[in-house]
Amino acid sequence: MISPSVTAMLLEARNGSEEALDQLLSRCGERLLGLSRLRMGTRLRARMESRDLLNATLLRAFRAFDSLEARNTPSLMAWLARIAESEIRDQAERLGAQRRDACK
């Protein structure tokens with residue numbers, strides 16, 4: 001079921017309310033943190049904190065908020081999860097490159 005409060009917050013955030021955007025991202029943060037921890041894997045978790053990855057994900061989401069087409073909590077979470085997956089991939093590639101450079 002669609003949460004009216006999330007729907008209203010999405011509309012407010014789209015209309016420029018920073019408070020609504022902050023509430024949305026805060027509300028989804030813990031679920032996104034759990035998802036990120038699972039997706040990071042042990043190697044990446046050993047090299048970086050999952051909360052740091054969450055912060056990078058939320059920053060990307062904030063910067064890309066104008067492209068969001070979500071209308072409810074599930075579509076918002078799916079959008080955030082895609083951003084988290086991208087951030088995880090980017091961080092893993094960056095750390096892999098650092099390891100290769102260190103071995104030279």
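The structure places CG of L25 at 7.5 Å from CZ of F65, a figure rounded to the nearest 0.5 Å. E85 CD to R39 CZ: the interatomic distance, rounded to the nearest 0.5 Å, is 4.5 Å. Note that CG of D22 and CZ of R27 are 12.0 Å apart. Values are rounded to the nearest 0.5 Å. Taking CG of L21 as the start and CZ of R14 as the end, the distance is 11.0 Å to the nearest 0.5 Å. Residue L35 holds its CG atom at 6.5 Å from CE of M77, rounded to the nearest 0.5 Å. Between the CG atom in L33 and the CE atom in M40 there is a gap of 9.0 Å [rounded to 0.5 Å].
Among residues two or more places apart in sequence or in another chain, the side-chain contact (heavy atoms from CB on, under 4.5 Å) test is passed with Q23 by M9, E19. Under the side-chain hydrogen bond (donor to acceptor under 3.5 Å, both in side chains) criterion, R89 pairs with S86, not counting sequence neighbours. In this structure A78 satisfies the side-chain contact (heavy atoms from CB on, under 4.5 Å) test together with R82, sequence neighbours excluded.
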Problem - Criterion side chain to side chain contact (heavy atoms under 4.5 Å, CB included) on I83 and L58, from CA distance to verdict - result: CA-CA 8 Å; I83 294 171; L58 293 177; over 6 Å; no
Exercise for the section: Would you check, one step at a time, whether the test side chain to side chain contact (heavy atoms under 4.5 Å, CB included) holds for L59 with N55? Expected result: CA-CA 6 Å; L59 181 59; N55 289 336; over 6 Å; no
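The closest donor-acceptor contact from the side chain of D52 to the backbone of M48 lies at 3.5 Å or more, if one exists at all.
Partner of L80 under the side chain to side chain contact (heavy atoms under 4.5 Å, CB included) criterion, out of S75, C28, S36: C28 alone.
Taking all atoms of both residues into account, the shortest heavy-atom contact from L32 to A84 is CD1-CB, 4.0 Å. Here the closest heavy-atom approach between residue W79 and residue A64 is recorded as CZ2-O, 3.5 Å.
We find that D90 and R60 are joined by a salt bridge, their nearest charged nitrogen and carboxylate oxygen being less than 4.0 Å apart. A salt bridge links E30 to R51: one of the charged nitrogens lies within less than 4.0 Å of a carboxylate oxygen.
By the 6.0 Å contact criterion, CZ on R45 is enclosed, its count of non-hydrogen atoms from other residues, nucleotides or ligands being greater than 12.
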